[in-house]
Number of protein chains: 2
Amino acid sequence: MANAKKIEDAELLQRLSTVFKNYGYEGASLTIMSVATGLKKPSLYHRFPNGKEQMASETLSFIRAWLAEHISVLLEEELPPQKRFANFIREMNGLYEGGNESCLLNMLTLPRHNASSLGKAISDIMMQLIFTLSTLAQTAGISKEWADHNAEQVLIELQGALVICRGLNNSAPFERMLQRLPTILFNEH
Amino acid sequence: MANAKKIEDAELLQRLSTVFKNYGYEGASLTIMSVATGLKKPSLYHRFPNGKEQMASETLSFIRAWLAEHISVLLEEELPPQKRFANFIREMNGLYEGGNESCLLNMLTLPRHNASSLGKAISDIMMQLIFTLSTLAQTAGISKEWADHNAEQVLIELQGALVICRGLNNSAPFERMLQRLPTILFNEH
DNA sequence: GTCTATAGTAAGATAGAC
DNA sequence: GTCTATCTTACTATAGAC
């Protein structure tokens, strides 16, 4: 006790996540992150000794944990697959604030062939999402081939809609995309 | 005559385009652009007096002109709509090198609510693409409502697939996406 | 754990010669 | 039109006090 109050890790990473989503890796300066978190730069280095790269890395881990808690659990619920996917869509709508927020997995991308640990984390999260969605589709009776294909398409639509919404400064494409997602995941032609 | 050779504008913008696609706006430093173009920084400022923002702006104009020449012309050809869309897909496959290149419209995005001229240019290009694709779909007999919806979805799939391919460091999702594009554009349920 | 103060570096941008 | 050399600023990062 006695010393200055420690900001909760979750709150800290939540705020860093917002900065990275809005500014990207290169655009997220320590000054911006200092303002966003209320911590001065030396305090940020106290929490993240390896600096900016560690801030990004831990932010990605934070998001991965959030997804594991809110998304992967969908597989275990005692609900019909279509209901579970409706819950997934609701979670995505909240995570991206109805299309008004960008995705970390896109904004934290570094130049190609940059063998940073961030790249592997991003790739891992994407593969985990595809695996989860494919499993859900297979639970609904979709063949493995189609389930894999459809799960990939769901992720593509999510990411693409966020790019378009940011470009057009209009969240309507995201809302329309969410509408058609169930048809996409459970499609078998 | 006599003075040092001037690099062609098209070649210059082509190389800047590659840098912006790979590094994004913030990540594209003048040093990187100097190396990529073979021009020292003062020479870049001679061509672009307003600096980096003008480089990005003119690069977007360059891409817009390229699209107008290679894409919008698809509307005028004397070919059945499906053939024209196949040509569009071929052009997109080349533009993004089979899924191995990112899209300028995504990589040049600045923080939200940044009222730069770049934002309007990106928005204009996206709307032009949607308009062109919707017109093509309507030529094939699709209703205006569905044509608009499908055109937007085509753009979403293109952008989303590029994000996923970069994240997974694998171009296969882009190839699969191109396969299903015709079904998407000419779909009326 | 957080801070003030500061180092060291790389960024965007210019002056002026050729 | 391009260059060498330089300016100013902003960035990432640290030292050391509280």
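Order of the sequence lines fixes the chain letters, A, B, ..., with proteins taken first and strands second; residue numbering starts at 1 for each chain.
- Following rounding to the nearest Å, B:L44 (CG) and C:dT14 (C1') show an atom-to-atom distance of 14 Å.
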So B:H149 and A:R180, side chain to side chain contact (heavy atoms under 4.5 Å, CB included) or not? Walk me through it. CA-CA 11 Å; B:H149 179 277; A:R180 65 175 171 258; 3.1 Å; yes
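- You'll find that the side chain of A:S29 is closest to D:dT12, out of D:dG1, C:dA11, D:dT12.
- Contact annotation: B:K40 side-chain N/O to D:dT2 OP1/OP2 distance is not under 4.0 Å.
- Residues B:L118 and B:Y25 form a side-chain contact, since some pair of their non-hydrogen atoms from C-beta on lies under 4.5 Å apart.
- Side-chain atoms of B:Q128 and B:T132 include a donor-acceptor pair closer than 3.5 Å.
- Listed nucleotides C:dA13, D:dC3, C:dG1 differ in distance to B:K41; the shortest reach to its side chain belongs to C:dA13.
- Checking C:dT4, D:dA5, C:dT2 against the side-chain heavy atoms of B:P42 singles out D:dA5 as nearest.
- The CE-P distance, from B:M55 to C:dG12, rounds to 8 Å in whole Å.
- For A:T31 and D:dA10, the shortest distance from a side-chain N or O to OP1 or OP2 is not below 4.0 Å.
- A:E26 has its CD atom 18 Å from the P atom of D:dA10, to the nearest Å.
- Both A:P49 and A:I32 sit near DNA chain D, but only A:I32 has its closest nucleotide nearer the 5' end.
- Looking at the side chain of B:H46, the nearest of the listed nucleotides C:dA13, C:dT4, D:dG1 is D:dG1.
- The side chain of B:Y45 places no N or O atom within less than 4.0 Å of a non-bridging phosphate oxygen (OP1 or OP2) of C:dT14.
- When rounded to the nearest whole Å, the span between CG of A:L16 and P of D:dT12 equals 13 Å.
- Among the atoms of the strands shown, base atoms are found under 4.0 Å from some heavy atom of B:S43.
- With no hydrogens or angles considered, no side-chain donor-acceptor pair links A:R84 and A:N87 at under 3.5 Å.
- The separation between A:K52 atom NZ and D:dT14 atom C1' is 18 Å, rounded to whole Å.
- Rounded to whole Å, atom C1' of C:dT6 lies 15 Å from atom CG of A:L30.
- Atom CZ of A:R47 and atom P of C:dG1 are 6 Å apart (whole Å).
- Atom P of nucleotide D:dC11 and atom OH of A:Y23 are separated by 11 Å, given to the nearest angstrom.
- For the pair B:L60/B:R64, no side-chain contact is recorded, criterion being any heavy-atom separation below 4.5 Å from C-beta on.
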